[in-house]
Protein chains: 4
Amino acid sequence: MTEDKKQNIIDAAIQVFSKHGYERGTVSEIANQANIAKGSFYHYYNSKEEIVYDLFKMVFDKFLDSWNTIIEKDISPDKKVELLIDRSFDDIIEMLEEKNVTSLILIFEIMFFLYRKSLKTGKENVIEKYFLKYYDILKPIFEEGQEADIFRQDIDPSYLAYLFFSMVDGFGLHFMMQKDNFDAEKSRKYLKAILLEGLIQK
Amino acid sequence: MTEDKKQNIIDAAIQVFSKHGYERGTVSEIANQANIAKGSFYHYYNSKEEIVYDLFKMVFDKFLDSWNTIIEKDISPDKKVELLIDRSFDDIIEMLEEKNVTSLILIFEIMFFLYRKSLKTGKENVIEKYFLKYYDILKPIFEEGQEADIFRQDIDPSYLAYLFFSMVDGFGLHFMMQKDNFDAEKSRKYLKAILLEGLIQK
Amino acid sequence: MTEDKKQNIIDAAIQVFSKHGYERGTVSEIANQANIAKGSFYHYYNSKEEIVYDLFKMVFDKFLDSWNTIIEKDISPDKKVELLIDRSFDDIIEMLEEKNVTSLILIFEIMFFLYRKSLKTGKENVIEKYFLKYYDILKPIFEEGQEADIFRQDIDPSYLAYLFFSMVDGFGLHFMMQKDNFDAEKSRKYLKAILLEGLIQK
Amino acid sequence: MTEDKKQNIIDAAIQVFSKHGYERGTVSEIANQANIAKGSFYHYYNSKEEIVYDLFKMVFDKFLDSWNTIIEKDISPDKKVELLIDRSFDDIIEMLEEKNVTSLILIFEIMFFLYRKSLKTGKENVIEKYFLKYYDILKPIFEEGQEADIFRQDIDPSYLAYLFFSMVDGFGLHFMMQKDNFDAEKSRKYLKAILLEGLIQK
DNA sequence: CATGAATGAGGATTCATTCAT
DNA sequence: TATGAATGAATCCTCATTCAT
């Protein structure tokens, strides 16, 4: 029940931060958006900063779950990779549509905020940790693919996972900026083509 | 000369923003760092925001120049692509070293700041424009490579340029977060291997 | 019984206020310390301020009782004065030890709080009243001592009581600040010596 | 010149804190009283707390100076002590008159504030230090008096200074509360009588 | 051009108090 | 009685920007 309220506030925070960015988004506006009093925000979070961690976890866990449903499928590893690209692509598209509260730009900003935080405080970098998690769930796919002679065997599967994810993310970044200049479906098709080709065993 | 002073301020701003981020970096600290009075800042820039544009231009033009020196070389297109990856990689490494004032994280943040700005004001997205510039100088390489039967011909060269750049950028993003977990030289080698393989004509 | 609960809350309040001072001590922390809910505090006290009066009374009545046991003894007036100094001294020492919840500093702060309150509201100064009570129970000792030719007769016994108490209090104030610089037992001895000498009839 | 402005702010702060106490006195009201903008306060002081130290120093140095003028006089030590009591008494009276900005209660409160601060932070107790200073300038008087066979010789002169000051302060504390119940001049006379008698060599 | 004092709007946070359950 | 979520006024502090010198 308390969790419902928290979720309500997180949703509000996502909206506000999506609109203005973390620094420019105010607790007042979040409270407003969540239909609570300014002071009530502090019943659920000790500070403006604290909510970022919840927000981050929520978003990044959602991705994790989303990917896991693919990874658990009973299909070939290369098909899984293809589906993962598709899923990422769909997520990107969805987040770029205004109706969706979780904006892509916010996710990037949160990543940088948390990264900077860890640099300053010396505390653990939660982003780094989550990325490692992502790589870890991708890794078995590449291992399986290498064993099946589908994926190239000259690259350590950890690096395959890491580079694969890098590239998909990089695509998201540029597509965000260029969605008016490049066709989405073409982008998807070509991204898949290049990535798969780069990974396939000749 | 005024341009010298401006450069002085830009350098200071890069240092300050690198350290704290744009929002948290203050005009006071920039003035301090530049050894001028706070008020003097406003002789050169009308606002804190204005300097971001100069800063952005400076950094992104430097990249443009850096890449152009490669593109103008008299070597094969695939070699050019390889050198471009190397150059990007070297830049990333350099920026991640503390001595360099231009921090990688700042560049990403500036991109997001300007992107958000354009979203809010509806004004032109300078990032989008610059990225298009980047794609444009890459495009001839891919065209040349396609004509020479080196690069795959099933993908529009504009898209090749755009996806190539996306992937290199994505790599920078993840490498920044993971530099303690993945070996730099291995990363470079594998990145090249995957990207080139993905682009090459079979 | 309600009084038990109240006492429980007062004890908690003393702990909290001792630690942080009245202004900085919060109702939340008091409730916490008393193992009740924040809201329950208001079943027993109408406001944070109200508890100060109870707290004050409790502490100051304890002093009154403590002194009365001495005054009622069947000993000479000068001996009584000596014992009163000793008792005060012991109380001061005890309050300065950390284990004791009633800190000396808190007592002074409460005095000032209530004094200021009376200045602002024009309502009766409870501190003034209690001090008068203290003087009043001391007065008979001095009267008795004057009649017995022990204490000096050139000073009104009311003033003797008032000045005696002032000086003992002043000692507490300075000893609190200087407990690391002046030896307790020497202080006690000398305080007695000076005070008694100053009061004795030559 | 900056010092003038600072003094202006200190004066305002004394007024405001005298009226409401330190915790309840607001930076806004200080700024108002000083006829400056709220933000300007922070050009001169980094925090509300910081000004307390200046304020404390100003007040306590003034006392120091005031006492020194007596100590430097070419008169007998017992006469000096008498004058010191008179001076303290006059200061107390003056501070209790409303027209004077430096209120007595504020001085006590500052003492407690700083004492508590030192307890919490473990940093040096400036009050303790200043009191030691006070004792130190009194000490030579008592030494001189002991040598001249005027003051009692059974008490260490440091303790004489410390106890003398304690008692005068204690008197201030009680007189503040009781000024309506006890005559000022009688109080002065009796205080002197007791204190001097207590100190004199028989 | 240079300075830095002055401004004041704005934002995070605290906390005594209320009240529905 | 007991609870603790909700409130919102109040407060400290920040900082981009202005402007008189």
Side-chain angles (χ1 to χ4, degrees), chain A residues 1-2 4-6 8-9 16 20 22-32 34-51, chain B residues 1-2 5 20 22-32 34-51, chain C residues 1-2 5 20 22-32 34-51, chain D residues 1-2 4-6 8-9 20 23-32 34-51:
Chain A
M1 120 193 30
T2 264
D4 279 357
K5 299 283 181 98
K6 264 198 160 186
N8 178 34
I9 296 176
V16 171
H20 306 293
Y22 169 73
E23 298 286 355
R24 283 242 161 74
T26 70
V27 173
S28 278
E29 197 176 343
I30 293 172
N32 248 26
N35 281 315
I36 59 170
K38 207 188 327 180
S40 303
F41 175 89
Y42 290 91
H43 274 287
Y44 297 92
Y45 292 100
N46 290 314
S47 66
K48 180 184 167 185
E49 193 183 321
E50 209 183 81
I51 202 175
Chain B
M1 190 172 310
T2 269
K5 297 264 188 146
H20 306 293
Y22 169 72
E23 297 287 355
R24 293 271 234 267
T26 67
V27 173
S28 274
E29 198 176 343
I30 293 171
N32 241 30
N35 283 314
I36 59 169
K38 204 196 312 190
S40 304
F41 176 90
Y42 289 88
H43 284 294
Y44 298 93
Y45 291 100
N46 290 314
S47 69
K48 179 185 169 186
E49 194 184 319
E50 208 183 82
I51 201 175
Chain C
M1 189 171 312
T2 269
K5 297 264 187 147
H20 306 294
Y22 169 73
E23 298 287 355
R24 296 269 236 266
T26 68
V27 173
S28 274
E29 198 176 343
I30 293 171
N32 241 29
N35 283 315
I36 58 169
K38 206 196 311 191
S40 304
F41 176 90
Y42 289 89
H43 284 295
Y44 298 93
Y45 292 100
N46 291 313
S47 69
K48 179 185 169 186
E49 194 184 320
E50 208 182 83
I51 201 175
Chain D
M1 121 194 25
T2 265
D4 280 357
K5 300 283 181 95
K6 264 197 159 184
N8 178 34
I9 297 176
H20 307 294
E23 298 285 357
R24 283 240 159 78
T26 69
V27 172
S28 277
E29 197 175 344
I30 293 171
N32 248 24
N35 281 315
I36 57 170
K38 208 189 324 180
S40 303
F41 175 89
Y42 291 92
H43 274 287
Y44 297 92
Y45 292 100
N46 290 314
S47 67
K48 179 184 166 185
E49 193 183 320
E50 209 183 81
I51 201 175

| Reading DNA chain E 5' to 3', how would its secondary structure be written in dot-bracket notation, given Watson-Crick and G-U pairs with both distances under 3.5 Å, brackets [ ] for crossing pairs and | for partners on other strands? | .||||||||||||||||||||
All N/O donor-acceptor pairs, side-chain side in residues 39-46 of chain B, below 3.5 Å, sequence neighbours left out:
| residue | atom | partner | partner atom | Å |
| --- | --- | --- | --- | --- |
| B:Tyr45 | OH | B:Asp54 | OD2 | 2.7 |
| B:Asn46 | ND2 | B:Glu50 | OE2 | 3.1 |

Return a table of donor-acceptor pairs under 3.5 angstrom between the side chains of residues 23-31 of chain C and protein atoms on other chains or two or more places apart.
| residue | atom | partner | partner atom | Å |
| --- | --- | --- | --- | --- |
| C:Glu23 | OE2 | D:Arg24 | NH1 | 3.1 |
| C:Arg24 | NH1 | D:Glu23 | OE1 | 2.7 |
| C:Arg24 | NH1 | D:Glu23 | OE2 | 3.0 |
| C:Thr26 | OG1 | C:Glu29 | N | 3.1 |
| C:Glu29 | OE1 | C:His20 | NE2 | 3.1 |
| C:Glu29 | OE2 | C:His20 | NE2 | 3.1 |

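In summary, contact between chain C and DNA chain E, defined as any nucleotide atom under 4.0 Å from a heavy atom of the protein, begins and ends at E:dC15 to E:dT18 in the 5' to 3' direction.
The nearest whole Å value for the distance from the CD1 atom in A:Ile30 to the C1' atom in F:dT7 is 18 Å. When rounded to the nearest whole Å, the span between CD of D:Glu50 and P of F:dT14 equals 11 Å.
Comparing C:Arg24 and A:Arg24 by the nucleotide of DNA chain E whose heavy atom lies nearest to each, the residue mapping closer to the 5' end is A:Arg24. Of the residues near DNA chain E, C:Gly25 and A:Glu49, the one whose nearest nucleotide (by heavy atom distance) lies more toward the 5' end is A:Glu49.
Side-chain N or O atoms of A:Lys48 include one that pairs as donor or acceptor with a backbone N or O of A:Tyr22 at under 3.5 Å.
Of all non-hydrogen atoms in D:Ala34 and D:Asn8, the two that sit nearest each other are O-ND2, 3.2 Å.
With rounding to the nearest 0.5 Å, the separation of CD1 in D:Ile51 from NZ in D:Lys6 is 8.5 Å.
Near DNA chain F, meaning a heavy atom under 4.0 Å away, the residues from residues 38-46 of chain A are A:Lys38, A:Gly39, A:Ser40, A:His43, A:Tyr44.
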